[in-house]
Engineer: 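Below you will find the structure I want to go over with you.
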Amino acid sequence: MQYLHTMVRVSDLNASLHFYCDLLGLKEVRRKENEKGRFTLVFLAAPEDEPRSERLTAPELELTYNWDPEEYTGGRNFGHLAYRVDDIYALCQHLQDNGVTINRPPRDGHMAFVKSPDGISVELLQKGDALAPQEPWASMENTGSW
């Protein structure tokens with residue numbers, strides 16, 4: 001068995017690509033337009049997974065954009081995506097500086113949660129050992145749900 005990808009439905013492809021690529025740092029590795037089915041598939045990979053993605057088409061995040069408007073609720077979404085990051089504090093600051101709410105701040109220097117424009121929870125995990133607690137994260141409260 002081999003993990004291939006996780007698919008999430010998105011209602012605004014541009015907003016989602018901004019979040020996942022511009023803010024989180026994922027890379028678009030391929031795109032498929034299906035006129036007959038009226039949808040677009042965009043496959044993303046984390047920078048350190050990009051060579052594996054090119055070779056194996058895995059591990060990836062598949063964004064599915066249906067051209068006809070559709071409302072997605074919790075039943076069509078799922079738990080969360082998880083990414084290991086080099087510096088959880090720097091990434092959380094970058095996300096926050098760009099208007100992303102840090103739902104579960106990295107108080108422990110190890111784990112944080114944010115949400116995509118479509119409400120998909122994204123878990124961020126510090127690579128290696130947890131970083132030493134640091135303000136403003138150490139005393140920041142949770143916001144909303146994740």
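Excluded from the calculations below are hydrogen atoms, water molecules and symmetry mates; all remaining heavy atoms, backbone and side chain alike, are included.
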Engineer: State, yes or no, whether a side-chain contact exists between Leu95 and Leu24 at a heavy-atom distance under 4.5 Å.
Structural biologist: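 Of all side-chain heavy-atom pairs linking Leu24 with Leu95, at least one is under 4.5 Å.
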
Engineer: Can you name the nearest heavy-atom pair linking Pro105 to Asn103, along with the distance?
Structural biologist: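 Shortest heavy-atom contact: CD-O, 3.7 Å.
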
Engineer: Check whether any side-chain heavy atom of Glu60 lies under 4.5 Å from a side-chain heavy atom of Leu4, and answer yes or no.
Structural biologist: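 In short, these two side chains do not touch, never coming nearer than 4.5 Å.
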
Engineer: Once you measure the plane-to-plane angle for Tyr89 and Trp137, does it fall in the parallel (<30°), tilted (30-60°) or perpendicular (>60°) bin?
Structural biologist: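 Parallel, since the angle between the ring planes stays under 30°.
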
Engineer: For a quick test of reading the model, state the closest non-hydrogen atom pair linking Ser11 to Asp118 and the distance between them.
Structural biologist: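 Nearest heavy atoms, Ser11 then Asp118: OG-OD1, 2.6 Å.
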
Engineer: Roughly how far apart are Asp49 CG and Lys27 NZ, rounded to 0.5 Å?
Structural biologist: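 Rounded to the nearest 0.5 Å, the CG-NZ separation comes to 12.5 Å.
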
Engineer: Is there a path of hydrophobic side-chain contacts, each under 4.5 Å between heavy atoms of I/L/V/M/F/W/Y residues, joining Phe39 to Leu63?
Structural biologist: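 Not linked; separate clusters.
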
Engineer: Do Arg31 and Thr40 make a side-chain contact, defined as non-hydrogen atoms from C-beta onward lying under 4.5 Å apart?
Structural biologist: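 Result yes, sub-4.5 Å side-chain heavy-atom pair found.
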
Engineer: In the structure I gave you, are the side-chain heavy atoms of Ser121 and Leu81 within less than 4.5 Å of one another anywhere?
Structural biologist: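 A side-chain contact under 4.5 Å is absent here.
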
Engineer: Do Leu124 and Pro106 come close enough that some side-chain heavy atom pair is under 4.5 Å?
Structural biologist: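 A side-chain contact is absent here, since even the closest heavy-atom pair is not under 4.5 Å.
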
Engineer: Hydrophobic cluster membership, with links at side-chain heavy-atom distances under 4.5 Å among I/L/V/M/F/W/Y: are Leu56 and Met7 in one?
Structural biologist: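 No, Leu56 and Met7 fall in different hydrophobic clusters.
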
Engineer: If Ile, Leu, Val, Met, Phe, Trp and Tyr residues are connected whenever their side-chain heavy atoms lie under 4.5 Å apart, and connections chain through other members, are Leu41 and Leu17 in the same group?
Structural biologist: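 Different clusters.
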
Engineer: Measure the spacing between OG1 of Thr101 and CG of Asn142 and express it to the nearest 0.5 Å.
Structural biologist: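 Result: 12.5 Å between the selected atoms.
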
Engineer: Is there a path of hydrophobic side-chain contacts, each under 4.5 Å between heavy atoms of I/L/V/M/F/W/Y residues, joining Phe19 to Val29?
Structural biologist: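 Cluster IDs for Val29 and Phe19 differ.
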
Engineer: When rounded to the nearest 0.5 angstrom, what distance separates CH2 in Trp67 from CD in Glu35?
Structural biologist: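 CD of Glu35 is found 5.0 Å from CH2 of Trp67.
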
Engineer: Same cluster for Val42 and Tyr65 if Ile/Leu/Val/Met/Phe/Trp/Tyr side chains link at under 4.5 Å?
Structural biologist: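 As far as the 4.5 Å side-chain criterion goes, Tyr65 and Val42 are connected within one cluster.
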
Engineer: Rounded to the nearest 0.5 Å, how far does CG of Leu23 lie from OG of Ser116?
Structural biologist: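 Taking OG in Ser116 and CG in Leu23, the distance rounds to 11.5 Å.
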
Engineer: Distance check, rounded to the nearest 0.5 Å: Ser16 atom OG versus Arg9 atom CZ?
Structural biologist: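 Ser16 atom OG to Arg9 atom CZ measures 13.5 Å (nearest 0.5 Å).
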
Engineer: Just wondering, do Leu125 and His110 contact through their side chains at under 4.5 Å, heavy atoms?
Structural biologist: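 Of all side-chain heavy-atom pairs linking Leu125 with His110, at least one is under 4.5 Å.
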
Engineer: Quick check on Asp129: does its CG atom have over 12 non-hydrogen neighbours (other residues, nucleotides or ligands) under 6.0 Å away?
Structural biologist: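 Incorrect, the count does not exceed 12.
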
Engineer: Is it true that atom CD of Glu135 has more than 12 heavy atoms of other residues, nucleotides or ligands lying nearer than 6.0 Å?
Structural biologist: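 Atom CD in Glu135 is packed in, count exceeds 12.
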
Engineer: Verify the neighbour count for atom CZ of Arg84: are there more than 12 heavy atoms of other residues, nucleotides or ligands below 6.0 Å?
Structural biologist: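 For Arg84, atom CZ is not crowded (no more than 12 foreign heavy atoms under 6.0 Å).
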
Engineer: Output the distance between atom CZ (Arg104) and atom CD (Glu141), rounded to the nearest 0.5 Å.
Structural biologist: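 It is 12.0 Å, given to the nearest 0.5 Å.
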
Engineer: Is any side-chain heavy atom of Val10 less than 4.5 Å from a side-chain heavy atom of Ile120?
Structural biologist: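 Counting from C-beta outward, Val10 and Ile120 never come under 4.5 Å.
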
Engineer: Quick check against the 3.5 Å criterion: does Gln126 have a side-chain atom that pairs as donor or acceptor with the backbone of Met111?
Structural biologist: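 No: the side chain of Gln126 does not pair with the backbone of Met111.
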
Engineer: Do any N or O atoms from the side chain of Arg107 and from the backbone of Met140 form a donor-acceptor pair under 3.5 angstrom?
Structural biologist: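 Yes, the answer is positive, given that a donor and an acceptor are paired below the 3.5 Å cut-off.
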
Engineer: Go through the steps to decide whether Asn98 and His94 satisfy the test side chain to side chain contact (heavy atoms under 4.5 Å, CB included), and finish with yes or no.
Structural biologist: CA-CA 6 Å; Asn98 282 277; His94 172 69; 3.5 Å; yes

Engineer: Around atom CD of Gln134, are there more than 12 heavy atoms from other residues, nucleotides or ligands closer than 6.0 Å?
Structural biologist: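 Atom CD in Gln134 is packed in, count exceeds 12.
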
Engineer: Considering only heavy atoms from C-beta outward, does the side chain of Val8 approach that of Tyr20 to under 4.5 Å?
Structural biologist: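 In short, these two side chains touch, coming nearer than 4.5 Å.
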
Engineer: Between Pro59 and Ala45, which heavy-atom pair has the shortest distance, and what is it?
Structural biologist: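 In this case the closest contact between Pro59 and Ala45 is O-CB, 4.2 Å.
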
Engineer: To check you understand the geometry: which heavy-atom pair defines the closest contact between Glu28 and Leu44, and what is its length?
Structural biologist: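 Taking Glu28 first and Leu44 second, the nearest heavy atoms are CA-CD2, 3.6 Å.
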
Engineer: Give the minimum heavy-atom separation between Leu61 and Thr6, together with the two atoms involved.
Structural biologist: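 Leu61 and Thr6 have their closest heavy atoms at CD1-O, 3.3 Å.
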
Engineer: Which heavy atom of Asp68 sits nearest a heavy atom of Arg38, and at what distance?
Structural biologist: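 Shortest heavy-atom contact: OD1-NH2, 2.8 Å.
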
